[in-house]
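Excluded from the calculations below are hydrogen atoms, water molecules and symmetry mates; all remaining heavy atoms, backbone and side chain alike, are included. Chain identifiers are assigned alphabetically (A, B, ...) following the order of the sequence lines, protein sequences preceding nucleic acid strands; residue numbering begins at 1 within each chain. Since this is a predicted model, take the numbers as computed values, not measurements.
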2 protein chains.
Amino acid sequence: MNISSRFAVAIHILSVLEMNKAGISTSDYIAESVNTNPVVIRRIVGMLSKAGLVEVKPGVAGAKLAKHPAEITLLDIYHAVHVVQEDSLFSIHENSDAKCPVGKHIQTAIVPVFSAAQKAMENTLHEVSLEEIIRNIYASANGTLNEN
Amino acid sequence: MNISSRFAVAIHILSVLEMNKAGISTSDYIAESVNTNPVVIRRIVGMLSKAGLVEVKPGVAGAKLAKHPAEITLLDIYHAVHVVQEDSLFSIHENSDAKCPVGKHIQTAIVPVFSAAQKAMENTLHEVSLEEIIRNIYASANGTLNEN
DNA sequence: CTAGCATGTAACCATCATAGTTACATTACA
DNA sequence: TGTAATGTAACTATGATGGTTACATGCTAG
């Protein structure tokens, strides 16, 4: 089990919006770069829009970033696309037997640890901005220029 | 999407093995505490056995911890039950369009960040031992003694 | 002002992981 | 030797996901 590729695709989309900000990024255009269906793009863009990360209007072609890339963290994107519902990365087995001491208290015992682990992961995402990702893309592109 | 409850159940199982080490913990016995089917328990115990965390033999009733609880970390358990295949918590969208600079380099740009986030989470799990979980269970049990 | 294009979304499908369940073979021990 | 427990295969139901078609809504250019 792993985290939905929506997250990676969302980062991809936002990177396209920034790097193509001189042009018009329609869902068809983005879909080509991501290599998927335009509806998939529109779905994710819709989520990013609801989260206030992009601006898009029905009928008018193209989406734009709603903020500067430095002000968008990967955690913002992560939350926007709902890769994890209700902030519970780990699922706990409900309905343990309350007659057993382990069953009765296991939940209380592990929830704080799961929460800490999730927070540690999210903190890492919080420390990285879209701008840094885009810098990485440019760096990677420069590093492979002679390959092209 | 969230991480399989196998992880939480595995912790539950190991806690039962330790706290009931004076008795015999059969899959039926454990299943009652977890409130699930004995086969589910046997499946997970099998994984824990392959990982060298428990000792169990066909035909002989009950499983035992193979190590001291202080020497079993939550990360060990996490890996044992394969909640994440191939150590890839985050999935990346393959087959991006190589003709687009974003599509060509997005993967290189985000993989290190995803890896760091995953590592941060796993480090947290690595810092917590089964022994601490069991202490938490006892603490929780003591804190609610007057409720019973 | 209308025709065409783009977004928004519903609906459906195939795929996959999961948890639960039944059934049965294998193995130990009393 | 027979009972009981583990090990597993096989099947089912469920839920999330990504892809796809279809269509309603809404701009905007000509």
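- Set against C:dT21, D:dT17, C:dT9, the side chain of B:V40 has C:dT21 as its closest nucleotide.
- The nearest whole Å value for the distance from the CZ atom in A:F7 to the C1' atom in D:dG18 is 18 Å.
- Residue A:N37 contributes atom CG, which lies 15 Å from atom C1' of D:dC23 at whole-angstrom precision.
- Rounded to an integer number of Å, the gap from CD1 of A:I41 to P of C:dA6 is 15 Å.
- Dashed line: the shortest gap from a side-chain N or O of A:R43 to OP1 or OP2 of D:dG18 is not under 4.0 Å.
- Residue A:T26 places its side chain closer to C:dA6 than to any other of D:dA10, C:dA6, D:dG19.
- At the phosphate of C:dT9, neither OP1 nor OP2 sits under 4.0 Å from any side-chain N or O atom of A:R42.
- Protein atom CD of A:E94 is 13 Å distant from nucleotide atom P of C:dA19, rounded to whole Å.
- Looking at which nucleotide of DNA chain D each of B:H93 and B:G62 is closest to, the 5′-most match is held by B:G62.
- For the pair B:I44 CD1 and D:dT6 C1', the computed distance is 15 Å after rounding to whole Å.
- Side-chain nitrogen and oxygen atoms of A:S27 include none within less than 4.0 Å of the OP1 or OP2 phosphate oxygen of C:dA6.
- Between A:F90 and B:F7, the ring planes lie tilted relative to each other; the angle falls in the 30° to 60° range.
- Comparing B:P58 and A:P38 against DNA chain D, the residue whose closest nucleotide sits nearer the 5' end is B:P58.
- As judged by a 4.0 angstrom heavy-atom cut-off over every strand, A:V39 is placed among the base-contacting residues.
- The local environment of NE2 in B:H126 is sparse, with at most 12 non-hydrogen atoms from other residues, nucleotides or ligands closer than 6.0 Å.
- Nearest heavy atoms, A:V34 versus A:I41: CG2-CD1, 4.0 Å.
- Using a 4.0 Å heavy-atom distance criterion, B:V45 is classed as making no nucleic acid contact.
- Taking side-chain N and O atoms only, A:S4 has a distance below 4.0 Å to OP1 or OP2 of D:dG18.
- Contact check, A:T36 against D:dG19: a side-chain N or O comes under 4.0 Å of OP1 or OP2.
- Within the structure, a side-chain polar atom (N or O) of B:S5 is placed less than 4.0 Å from OP1 or OP2 of C:dA19.
- For B:K57 and A:K57, each mapped to the nucleotide of DNA chain C holding its nearest heavy atom, the one lying further toward the 5' end belongs to A:K57.
- For the side chain to side chain contact (heavy atoms under 4.5 Å, CB included) test with B:I77, the passing option among B:L53, B:L125, B:V83, B:I13 is B:L53; the others fail.
- When distances run from any side-chain atom of B:A61 to the nucleotides D:dT17, D:dA5, D:dG19, the shortest one goes to D:dA5.
- Looking at B:K64, its side chain does come within 3.5 Å of a backbone N or O of B:K21 through a donor-acceptor pair.
- At whole-Å resolution of the value, CG in A:D28 and P in C:dG8 are 13 Å apart.
- Separating the CD1 atom of A:I13 from the P atom of C:dT7 is a distance of 12 Å, rounded to the nearest angstrom.
- B:E55 has its CD atom 17 Å from the C1' atom of C:dT27, to the nearest Å.
- Between A:S25 and the choices A:V45, A:L17, A:V56, A:V54, the side chain to side chain contact (heavy atoms under 4.5 Å, CB included) rule is met once, by A:L17.
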